[in-house]
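Order of the sequence lines fixes the chain letters, A, B, ..., with proteins taken first and strands second; residue numbering starts at 1 for each chain. None of the values given here were measured: they were computed from a predicted structure.
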Number of protein chains: 2
Amino acid sequence: MREHGAASTTPGRVGDVRRQNLALVLGNIGPDTRATRADIAAATGLTKASVSSLVAELLETGLVEELGVTRDGERGRPGVGLALDARRGALGAEINVDYLAVGVVDLHGTLRFHEVADAENRGRDAEDVLGELSALARRCVEAAQTAGVTLLGGGLAVPGLVNPARGTVLTAPNLGWRDADLSTALGGLIPDAPFGVVLSNEANSAALAELWYGHGASLRDYLFISGEVGVGGGLVIGSELFAGPQGYAGEVGHVVVEPGGRRCSCGGRGCLETVAGQEAILAAAGITDGGSTTAARMSALQAALGAGDAQAMSAVERAGHYLGIAVVSAGRLVDLSAVVLGGHFAALGTWIRPALLSSLDGFAPGLVPADRVAFSELGTTAALRGAAGGALLRALAAPYELLP
Amino acid sequence: MREHGAASTTPGRVGDVRRQNLALVLGNIGPDTRATRADIAAATGLTKASVSSLVAELLETGLVEELGVTRDGERGRPGVGLALDARRGALGAEINVDYLAVGVVDLHGTLRFHEVADAENRGRDAEDVLGELSALARRCVEAAQTAGVTLLGGGLAVPGLVNPARGTVLTAPNLGWRDADLSTALGGLIPDAPFGVVLSNEANSAALAELWYGHGASLRDYLFISGEVGVGGGLVIGSELFAGPQGYAGEVGHVVVEPGGRRCSCGGRGCLETVAGQEAILAAAGITDGGSTTAARMSALQAALGAGDAQAMSAVERAGHYLGIAVVSAGRLVDLSAVVLGGHFAALGTWIRPALLSSLDGFAPGLVPADRVAFSELGTTAALRGAAGGALLRALAAPYELLP
DNA sequence: CCATATAGTTCAGAACACATACTAATTCCC
DNA sequence: GGGAATTAGTATGTGTTCTGAACTATATGG
């Protein structure tokens, strides 16, 4: 048994125990659960003494606040309620092909401020786009400041493959970006953010937004599929994003669903994107007015569907059929039995759902029950919420970073 | 941000640090690396004092032995070489449709004893099969005893979905088993094994065998595809098996590769198994002698291929084509760029490889380079080696279990 | 008003890694 | 051949952290 890498590669120090327990205690404090020190001791298995000491340190970080004595009418001394402090938050931002979005999410999960600006970013220079984004962000940061919300960090989601560690976009085909270095722009978005601003993939961030602020309440494991100009995705497994060896997992848009099908921009053939991407659906629906924006044509498609247009219906049903194939393949491979659809799939939910269900039933009866096929309700704020949530999670996982 | 489960759910105690460091030190000791305490201190970042103390405890477990002073001609006091003790091993076993296999693997990764017995287990009673397996196992256990190899634990691999915690087979379609409880039989295989005998899926175990004893030397992340009567698989990501939420990940046999294709035994349609399973390949090759065993017909197929039979060639090429589709879909979803093929695919490697490569190139050029398409060389011992290796890894991950 | 129950704090004790100083064993070089 | 230099491994005191038991604080119930 060579290279039985059974354990981590870093030595455990005694201090690591405290770091783990700080995060553990913090994980038992919610936005409004009013958990007391005694509750936490019971829930975690730590002694009251340890919890007291850990909570004292968490109060210092500013992530947690005391709500005062909870009089619940029970016998005995009442405990002091603890909750995450809503005066801490993070910035979330998204660059997409046809809009920019920025917002602030606090530790209670509330979207406190946000701005969405229509834009036509396809082929536009990265520096140019980032300038516009920075202006939007500055307004949000100032609004947070005046409202007394301290920003701990932030996230920026883009529709492409990214290297979060370096702050670079390897490739964003629909924006026309290759090897774009956004690290300095990211650093400038929030002054003195202890957890920095991190780059992420748009579909991955939207998948996480769904976990934290959407259907995640009832789902711990699912495939998220984001329909935009391209088709992206994210795998959420055990309430965590499964990133894969290189961080590019979840690329469901290039799963092969029609072996004899059309060539794809990725160089392959029969990818899901070639039959369920915006352009493919619009073309199949016969909505081919190249002059208007993609967003406008999507609205036209919805209007046609509302009017019962047969060609539009069959185009969407076709997309649902192929979506089902991709979901089944993903379900078998990664052991998933739930799917959440976002982006344009959410907007087309009413019409796409029956075809998707029938496809699922045909290709893998019983694998994905109908009540585990969900549609996102987060709209254009999904990715920014996920990006902000990621920053909040970094803070909650490493609260000791906020101590002297 | 509700339920931000940022950390583990168990409290960290001071003693956990030692457990982690025991495993960390052990992870730096190989079969014959002759690592010294000083080497380990340098590699792990622990101090020499800590390493000395940890090594002393590991020597007590019997997993590690001192090889004596290493005279390397360098200046300074020579160190004492440390290595995993080959006198510790584990039992591995496999029940498959047409054979039983049992063996003992020691901590150096050497297969010390093994027996493979042909059998026709399809539809045979579980108790009956386990009786025969136990007899084979008893011989191996005795051989280990007389050779001075102490068995720490074991593993049994079966072609089906299993619940390792309970020791039950939920379903093994090709054996005809449903809800079979093997826990008592497992417990009886090795007397007083400190790490027990654990049930596993055959393809998953074979995937791990490949990691530890096969192509894993050069691959940390890959999809393993096992061609048997059914088509199974396993995902190895970051040098670990990715089991998925319920433990059923890697079921590549039921990825949809031919949407308009045949019905599958799983109830679906167009699954990989319907075009690349043994029966499918044999039927397409025109080798339809229902009287002889599947194994005999596979030999006939190889003979036909060797003779250049056109129908046999096109049958295998077809399987390779569809294998490529499944590999591409898996690669996109889970971010993989390597594949290892085992079972009958390994036996057909010479003929299947060109079709697979051309399929990969057609559906996702550049995703899986030709030098990352490998074929297993472990034959019928793959699953038993993986099952034994799993037991060894449990011991290496929790050496403190062997201390008083 | 006192018994009882629950919340939270204080303090001694044990476990552990670390830093430093030590002993042990080898090679280098005059 | 013998001392200097070098490297391996051990011994000891210190700081951190959890635990458990005793203690204080604050409520309800009769």
Mind listing the side-chain donor-acceptor pairs of residues 55-62 of chain B below 3.5 Å, one per line with the distance, residues two or more places apart or on another chain?
{"residue": "B:E57", "atom": "OE1", "partner": "B:R18", "partner atom": "NE", "Å": "2.9"}
{"residue": "B:T61", "atom": "OG1", "partner": "B:L58", "partner atom": "O", "Å": "2.5"}
{"residue": "B:T61", "atom": "OG1", "partner": "B:L63", "partner atom": "N", "Å": "3.1"}

[N] [atom2] sits how many Å from [X] [atom1], rounded?
{"X": "A:Q20", "N": "D:dT16", "atom1": "CD", "atom2": "C1'", "result": "16 Å"}
{"X": "A:I40", "N": "C:dG8", "atom1": "CD1", "atom2": "C1'", "result": "12 Å"}
{"X": "A:R19", "N": "D:dC18", "atom1": "CZ", "atom2": "P", "result": "13 Å"}
{"X": "A:D16", "N": "D:dC18", "atom1": "CG", "atom2": "C1'", "result": "14 Å"}

### Task
Check DNA chain D against residues 56-66 of chain A and give the residues with a non-hydrogen atom under 4.0 Å, in numerical order.
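Those residues: none at all.
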My understanding is that only residues two or more places apart in sequence, or in another chain, count here; which of them pass side chain to side chain contact (heavy atoms under 4.5 Å, CB included) with [X]?
{"X": "A:A41", "result": "A:K48, A:V51"}
{"X": "B:R77", "result": "none"}
{"X": "A:T150", "result": "A:R88"}
{"X": "B:E401", "result": "B:F195, B:A398"}

Tightest non-hydrogen contact, residues B:V141 and B:L91, listed as CG2-CD1, 4.2 Å
On DNA chain D, more 5' by nearest nucleotide between A:L54 and A:V69 is A:L54
Is the shortest side-chain N/O distance from A:S50 to OP1 or OP2 of D:dT19 below 4.0 Å?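 True: A:S50 side-chain N/O within range (under 4.0 Å) of D:dT19 OP1/OP2.
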Q.
Does C:dA17 have its OP1 or OP2 closer than 4.0 Å to a side-chain nitrogen or oxygen of B:N21?
A.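 Answer is yes, contact under 4.0 Å.
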Under the rule for salt bridge (Lys or Arg N to Asp or Glu O under 4.0 Å), what residues qualify as partners of [X], not counting sequence neighbours?
{"X": "B:R112", "value": "B:D106"}
{"X": "B:D85", "value": "B:R87"}
{"X": "B:R13", "value": "B:D16"}

**Message:** For residues 23-38 of chain B, which residue pairs pass the salt bridge (charged side-chain N to carboxylate O under 4.0 Å, His left out) check, not counting sequence neighbours?
**Reply:**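 Counting only pairs at least two positions apart or across chains, the salt bridge (charged side-chain N to carboxylate O under 4.0 Å, His left out) contacts touching residues 23-38 of chain B are B:R37-B:E66.
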5' to 3', nucleotides 1-8 of chain D under a 4.0 Å protein heavy-atom cut-off (B base, S sugar-phosphate only, - none) gives ----SBBB
- request: Taking A:Y222 for its side chain and A:A207 for its backbone only, find out whether a donor-acceptor pair lies under 3.5 Å.
  value: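 Looks like yes, one N/O pair under 3.5 Å.
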Using nucleotides 13-15 of chain C, report all nitrogen or oxygen pairs with the protein that are shorter than 3.5 Å.
none

